[in-house]
Engineer: 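Before I ask anything, let me first share the structure, which is written out below as structure tokens.
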Protein chains: 2
Amino acid sequence: MTAADRVYQIIKTRILNGQYPAGSYVREATIGQELELSRTPIREALRRLVSDGWVEAIPHHGARVVAWTQRDVEEVFELRVLLEPQVVRRAAPRINAECLTALDDLAEQMEALCESGDDASVDEIAQLNNRFHAELVAAADSPRLQRLLETIVQIPVSRRSFHRYTRSELHCSMQHHRELIRALSLGDGEWAASVMRAHILAARAAQLRPAAGDEEAREPALRRRLHRA
Amino acid sequence: MTAADRVYQIIKTRILNGQYPAGSYVREATIGQELELSRTPIREALRRLVSDGWVEAIPHHGARVVAWTQRDVEEVFELRVLLEPQVVRRAAPRINAECLTALDDLAEQMEALCESGDDASVDEIAQLNNRFHAELVAAADSPRLQRLLETIVQIPVSRRSFHRYTRSELHCSMQHHRELIRALSLGDGEWAASVMRAHILAARAAQLRPAAGDEEAREPALRRRLHRA
DNA sequence: GGACATAAAGTTGTATGCAATGCTTCTCGA
DNA sequence: TCGAGAAGCATTGCATACAACTTTATGTCC
């Protein structure tokens with residue numbers, strides 16, 4: 001792993017943490033001396049982040065962390081509604097027993113955490129959910145589809161999404177997982193695709209709904225970022 | 001425009017021309033001394049080409065021009081069948097008269113060239129067709145959708161595709177354009193999306209069809225696979 | 001007081017040199 | 001003759017220095 005790779009990861013993490021807030025500039029020299037590296041690997045990392053859509057390059061002015069608008073979020077969901085069902089449509093005839101078992105395990109763990117319902121569990125559920133989707137993408141066996149999804153499903157959106165679910169919505173989401181597994185185990189791609197479509201549209205509804213008041217207190221910056229239009 | 005931008009364009013063009021054949025290595029130093037530039041801007045251009053999927057980076061071995069397999073082509077069409085209809089679905093309620101006029105002009109020019117039917121015309125039709133699709137993408141007004149399509153619809157595939165059309169298929173394609181314009185002018189997104197889906201599937205069929213009969217001798221197994229669907 | 005011009009500072013863009021890494025080839029030994 | 005190891009070579013990875021460009025601030029002139 002090269003230095004540029006590490007820098008790429010570090011900057012990405014910092015953007016997610018809010019350490020580099022949306023709209024702020026990421027200076028090559030600043031990070032360079034902080035990480036004790038020259039500007040060269042930082043430049044390369046920033047270029048990758050630009051092409052991945054995390055920051056935007058302003059000519060002769062630096063790399064600015066992109067600010068997500070409501071419209072951006074809607075755009076992403078519009079594309080996910082198309083692409084994620086395609087993932088399971090492809091996965092259905094290709095998936096093997098081993099993968100199905102893994103999905104089953106993940107679903108079970110998520111359901112268990114869903115019962116407790118505290119805030120730490122929600123974060124853990126989000127992680128497991130990411131692994132669930134990653135398993136599906138792997139089963140779809142389409143490098144381009146995988147790359148497209150990685151490009152658009154940026155974690156700033158999906159990460160906090162579970163916190164916006166009501167209890168019943170969370171339950172519904174768990175049901176989707178189970179139904180997906182059933183459809184996939186029967187090799188029924190269209191069934192699976194329909195469930196996935198509902199799954200994404202449910203996430204979209206929760207995401208686009210105005211947040212509860214506590215969200216504002218807990219993470220005002222993020223909320224503003226998401227709601228700015 | 002920076003030197004790196006120019007190098008990016010130059011290399012891309014050369015890949016399209018076949019000047020850099022698939023599987024060959026693009027050396028930083030070689031291009032550098034040829035264009036009388038240092039390796040730095042060439043490096044940057046190559047990185048962008050890697051992230052755009054034109055070349056692949058082999059660690060410590062250089063940048064290799066990607067070789068397209070039949071499977072890659074199928075993957076791309078599978079995604080285009082999803083994304084391109086979405087373009088016109090979005091465009092339908094957003095398109096304005098000016099854009100419709102432009103589309104009409106393009107369609108007319110293509111039809112005129114279609115009549116002559118010689119080989120030079122086919123190239124010209126391909127160019128006009130690209131502009132036609134570009135107009136639609138612009139009307140869709142979705143930067144992410146645009147970027148996704150630019151990423152996957154790489155010219156190596158779409159460029160020669162018209163040469164594979166029979167005369168009647170070419171005529172069919174022109175009909176699609178007209179029908180698209182009608183649907184869009186009425187604001188009927190689903191109609192437009194259906195036409196576009198047929199348009200892409202027709203292109204796919206022509207593309208995946210064995211070229212001139214030599215394909216059969218060369219790779220009979222492949223042909224069977226292609227005709228199964 | 002305002003506007004324009006000039007200069008200075010800060011940032012990215014490029015060149016060059018050196019270090020590190022992986023592969024190939026040649027040689028030596030069994 | 002075959003295999004293993006070491007050396008050399010080619011290439012990328014990184015650091016540093018310099019150039020070009022843009023913005024901003026300040027001073028002067030109207």
Side-chain angles (χ1 to χ4, degrees), chain A residues 1-67 143 147 150, chain B residues 1-15 17-68 143 147 150:
Chain A
M1 192 189 234
T2 69
D5 292 328
R6 283 190 293 273
V7 174
Y8 173 83
Q9 289 295 342
I10 288 172
I11 299 180
K12 202 154 126 176
T13 306
R14 291 188 178 179
I15 292 175
L16 289 177
N17 290 347
Q19 199 168 344
Y20 294 153
S24 70
Y25 280 89
V26 184
R27 302 292 177 199
E28 296 175 358
T30 309
I31 305 181
Q33 62 190 47
E34 181 193 343
L35 300 179
E36 294 184 336
L37 286 168
S38 80
R39 278 174 47 217
T40 311
I42 281 89
R43 269 183 80 77
E44 187 174 324
L46 284 176
R47 290 342 251 265
R48 286 180 55 192
L49 288 164
V50 167
S51 82
D52 287 1
W54 292 87
V55 304
E56 52 191 344
I58 313 295
H60 291 98
H61 218 9
R64 189 170 55 189
V65 179
V66 296
R147 172 151 170 62
E150 283 171 356
Chain B
M1 194 189 232
T2 69
D5 292 328
R6 282 190 295 271
V7 174
Y8 173 83
Q9 289 295 342
I10 289 172
I11 299 180
K12 203 154 128 177
T13 306
R14 291 188 177 180
I15 292 175
N17 290 347
Q19 200 168 345
Y20 294 153
S24 70
Y25 281 90
V26 184
R27 303 290 179 200
E28 297 174 358
T30 309
I31 305 182
Q33 63 190 48
E34 181 193 342
L35 300 179
E36 294 184 335
L37 285 169
S38 80
R39 278 174 46 219
T40 310
I42 280 91
R43 267 183 82 77
E44 187 173 323
L46 284 176
R47 297 306 206 184
R48 287 179 52 191
L49 288 164
V50 167
S51 81
D52 287 0
W54 292 86
V55 305
E56 52 190 345
I58 313 294
H60 291 98
H61 245 295
R64 188 170 56 189
V65 179
V66 296
W68 281 72
R147 174 155 168 59
E150 283 171 356

Engineer: When the distance from CG of A:Leu46 to P of C:dT11 is rounded to whole Å, what number comes out?
Structural biologist: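 The distance from CG of A:Leu46 to P of C:dT11 comes to 14 Å, rounded to the nearest Å.
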Engineer: Within the 4.5 Å heavy-atom criterion, are B:Thr2 and B:Tyr8 side-chain neighbours or not?
Structural biologist: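 No, every pair of side-chain atoms sits at 4.5 Å or beyond.
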Engineer: Between A:Glu44 (CD) and C:dT14 (C1'), how many Å, whole number?
Structural biologist: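 A:Glu44 atom CD is separated from C:dT14 atom C1' by 16 Å.
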Engineer: Nearest-Å distance, CZ (B:Arg6) to P (C:dT14)?
Structural biologist: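 Value for this atom pair: 8 Å.
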Engineer: Quick one, A:Glu34 with A:Arg14, criterion salt bridge (Lys or Arg N to Asp or Glu O under 4.0 Å). Give me CA distance, side-chain angles, the key distance, then yes/no.
Structural biologist: CA-CA 13 Å; A:Glu34 181 193 343; A:Arg14 291 188 178 179; 2.8 Å; yes
Engineer: Can you give me the N/O atom pairs linking the protein to nucleotides 15-21 of chain D at distances under 3.5 Å, or say none if there are none?
Structural biologist:
{"from": "D:dA15", "atom 1": "OP2", "to": "A:Ser38", "atom 2": "N", "distance (Å)": "2.9"}
{"from": "D:dA15", "atom 1": "OP2", "to": "A:Ser38", "atom 2": "OG", "distance (Å)": "2.9"}
{"from": "D:dA15", "atom 1": "N7", "to": "A:Thr40", "atom 2": "OG1", "distance (Å)": "2.9"}

Engineer: Out of B:Leu37, B:Ile10, B:Val26, which one pairs with B:Ile31 under the side-chain contact (heavy atoms from CB on, under 4.5 Å) rule?
Structural biologist: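 Among B:Leu37, B:Ile10, B:Val26, the one that satisfies the side-chain contact (heavy atoms from CB on, under 4.5 Å) with B:Ile31 is B:Val26.
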Engineer: Can a side chain N or O of B:Arg47 be found less than 4.0 Å away from OP1 or OP2 on D:dG13?
Structural biologist: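 Yes.
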Engineer: Rounded to whole Å, please give me the gap between CZ in B:Arg43 and P in D:dT11.
Structural biologist: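 About 14 Å, once rounded to whole Å.
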Engineer: Do A:Arg48 and A:Asp5 have side chains that approach each other closer than 4.5 Å (heavy atoms only, starting at C-beta)?
Structural biologist: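 In short, these two side chains touch, coming nearer than 4.5 Å.
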Engineer: Determine the contact category for B:Ala4: base if any of its heavy atoms lies under 4.0 Å from a base atom, sugar-phosphate if only primed atoms, P, OP1 or OP2 are that close, otherwise nothing.
Structural biologist: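 Sugar-phosphate, no base atom in range.
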Engineer: Could you give the CZ-to-P distance, from B:Arg27 to D:dT11, as a whole number of Å?
Structural biologist: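 About 5 Å, once rounded to whole Å.
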Engineer: So do B:Ile58 and B:Tyr25 actually touch side chain to side chain, heavy atoms under 4.5 Å?
Structural biologist: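 A side-chain contact under 4.5 Å exists here.
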Engineer: Is the shortest side-chain heavy-atom distance between B:Arg147 and A:Ser51 below 4.5 Å?
Structural biologist: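 The answer is yes, as the side chains (C-beta and beyond) meet within the 4.5 Å cut-off.
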Engineer: Between B:Gln33 (CD) and D:dA10 (C1'), how many Å, whole number?
Structural biologist: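 Rounded to the whole Å, the gap is 14 Å.
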Engineer: Can you tell me how far C1' of D:dG13 sits from CG of A:Asp5, to the nearest Å?
Structural biologist: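 One finds 11 Å between C1' of D:dG13 and CG of A:Asp5, rounded.
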Engineer: Quickly work out the A:Glu28 CD to D:dC14 P distance and round it to whole Å.
Structural biologist: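 Answer to the nearest Å: 14 Å.
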